[in-house]
Amino acid sequence: VVCWSALISGYTQNGQGEQALYCFECMLREGILPNAVTYTCVLKACALAGALDKGKHIHFEIINQGLLYNNVELGNALVDMYAKCGALANARNVLEKLSARNVITWNALISGYLQANECELALRCFECMQQEGVLPDAVTYISILRASAAFGALHKGIEIHKEVIQQGLLQDNVMIGTALVDMYAKCGVLSMAHDVIEQLPSRNVVTWSALIAGYADTLQGDEALNCFERMLYEGIFPN
RNA sequence: AGCUCAACCGG
């Protein structure tokens, strides 16, 4: 069962959901019984493949076998599977019933809401999780910045900006810096977007692209081109 | 052997 789980996991880590599910079928056909780790990988495969019905069936098996109790990783994979398949009511339901959940559980649900463009619900989850004493991490902030941008909630974005600085998260995470630049750009506050990118300890092609796109969207082609030149000057290659 | 995360374009 460990070998099969490792193989299934390998496929999911490369985004090959269908292949992973195929392996799972082979494993069952050989009479090998899956355990909690196997199911965690298979749920991720369902999420990748958008295989909601398959995922529901796995959910049923997990409940039947009593594997869910206090297994955070398995619960998280279940919430993520429903979220990625767009079954947000199921995702929230599972989250609420889990005996153990953590920041990753909430992050999975928040991402699901974002993917469905339910920015307001995503923002509400952010409040809920904190009310129950779960502290946001870098992934949470990145999602909430995206929600703020999509919802045009500049004030929320500024609030997150302050929090991120307080926690020193800008030092070691390019993606948060990029999400901040993108949030300001999408809210049309290009001066702030520019300020942020100047102060980042590190930035990459995605960070610059967010700023360039922001200038392009606001019809500031000259500024967009300036940024492009600066990016090249820094030795960052365009993609 | 296991869970969540950033830009642009097209569909």
Side-chain angles (χ1 to χ4, degrees), chain A residues 1-13 20 23-24 27 32 34-48 55 58 62 67-68 70-84 91 94-95 98 100-115 122 125-126 129 134 136-150 157 160 164 169-170 172-186 193 196-197 200 202-217 224 227-228 231 236 238-239:
Chain A
V1 63
V2 173
C3 289
W4 279 108
S5 303
L7 185 57
I8 292 168
S9 168
Y11 279 120
T12 64
Q13 279 168 36
C23 282
F24 179 59
M27 167 182 164
I32 312 278
N35 63 18
V37 175
T38 322
Y39 283 130
T40 306
C41 299
V42 171
L43 284 169
K44 180 169 174 169
C46 292
L48 285 167
I58 301 294
I62 287 168
L67 293 174
L68 200 51
N70 275 359
N71 190 329
V72 189
E73 289 91 342
L74 188 55
N76 290 349
L78 195 52
V79 171
D80 186 53
M81 182 279 293
Y82 280 123
K84 285 223 168 70
V94 170
L95 176 142
L98 287 180
R101 53 183 178 242
N102 60 17
V103 64
I104 295 183
T105 328
W106 284 104
N107 289 345
L109 183 62
I110 290 172
S111 297
Y113 281 132
L114 271 181
Q115 186 188 285
C125 282
F126 182 62
M129 70 180 274
V134 176
D137 68 2
V139 174
T140 320
Y141 287 124
I142 289 167
S143 297
I144 293 304
L145 283 169
R146 248 185 82 188
S148 309
I160 303 297
V164 157
L169 288 172
L170 282 182
D172 46 38
N173 194 315
V174 194
M175 296 198 321
I176 293 193
T178 302
L180 270 173
V181 170
D182 189 48
M183 182 277 294
Y184 282 119
K186 289 226 167 71
V196 171
I197 207 172
L200 289 182
S202 70
R203 47 200 176 218
N204 60 23
V205 65
V206 178
T207 321
W208 279 111
S209 298
L211 186 59
I212 293 169
Y215 278 124
D217 284 343
C227 289
F228 180 60
M231 184 187 100
I236 296 172
N239 65 11

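Every value quoted in this text rests on a predicted model; they were computed, and no experiment measured them. A note on names: the letters A, B, ... follow the listed sequences, proteins ahead of strands, and every chain is numbered from 1.
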B:G2 phosphate, OP1 or OP2, under 4.0 Å from A:Ser9 side-chain N/O
yes

From OH of A:Tyr113 across to P of B:C5 the rounded distance in Å is 16 Å

Could you tell me whether A:Asn35 contacts a base, only the sugar-phosphate backbone, or nothing, with contacts defined as non-hydrogen atoms closer than 4.0 Å?
base

A:Glu73 atom CD is separated from B:G2 atom C1', nearest whole Å, by 7 Å

Would A:Ser111 and A:Gln115 satisfy side chain to side chain donor-acceptor pair (under 3.5 Å), going step by step from the backbone distance to the final call?
CA-CA 6 Å; A:Ser111 297; A:Gln115 186 188 285; over 6 Å; no

Measure the CD1-CD distance between A:Ile104 and A:Glu73 for me, rounded to the nearest 0.5 Å.
8.0 Å

Over how many whole Å does the gap from A:Leu200 atom CG to B:A6 atom C1' extend?
12 Å

Any donor-acceptor N/O pair under 3.5 Å between B:G2 base and A:Asn71 side chain
yes

Is a donor-acceptor pair below 3.5 Å formed from side chain A:Asn204 to base B:A7, judging by atom type as modelled?
no

Taking any heavy-atom pair under 4.0 Å as a contact, classify A:Asn239: base, sugar-phosphate, or nothing.
base

Please give, in whole Å, the distance from B:C5 P to A:Leu170 CG?
20 Å

In whole angstrom, give the distance that lies between atom OH of A:Tyr82 and atom C1' of B:C3.
16 Å

Look at all strands and tell whether A:Leu74 reaches a base, only sugar-phosphate, or nothing, counting heavy atoms closer than 4.0 Å.
base

Hey, is the side chain of A:Lys186 poking within less than 4.0 Å of OP1 or OP2 on B:A6, counting only N and O atoms?
no

Check the distance between B:A6's P and A:Ile160's CD1 and give it to me in whole angstrom.
16 Å

Base, sugar-phosphate, or nothing: which does A:Asp137 touch, judged by heavy atoms less than 4.0 Å apart?
nothing

Within the structure, does a side-chain N or O atom of A:Lys44 lie under 4.0 Å from either OP1 or OP2 of B:A1?
no

So, is A:Arg146 near the phosphate of B:C5, with a side-chain N or O under 4.0 Å from OP1 or OP2?
no

Can you find a heavy atom in the side chain of A:Trp208 that is under 4.5 Å from one in the side chain of A:Val205?
no

Using whole Å, what does the distance between atom C1' of nucleotide B:A6 and atom CG of A:Leu211 come to?
14 Å

Going by the side chain to side chain contact (heavy atoms under 4.5 Å, CB included) test, name the single residue among A:Asn107, A:Leu95, A:Leu74 that passes it with A:Val79.
A:Leu95

Using a 4.0 Å heavy-atom cut-off across all strands, classify A:Ala36 as base, sugar-phosphate, or nothing.
base

Without decimals, in angstroms, what is the distance between A:Leu169 CG and B:C5 P?
18 Å

If I take atom OG from residue A:Ser143 and atom OH from residue A:Tyr113, how far apart are they, to the nearest 0.5 angstrom?
13.5 Å

At 4.0 Å (heavy atoms only), tell me whether A:Gln13 reaches a base, stays on the sugar-phosphate, or touches nothing.
sugar-phosphate

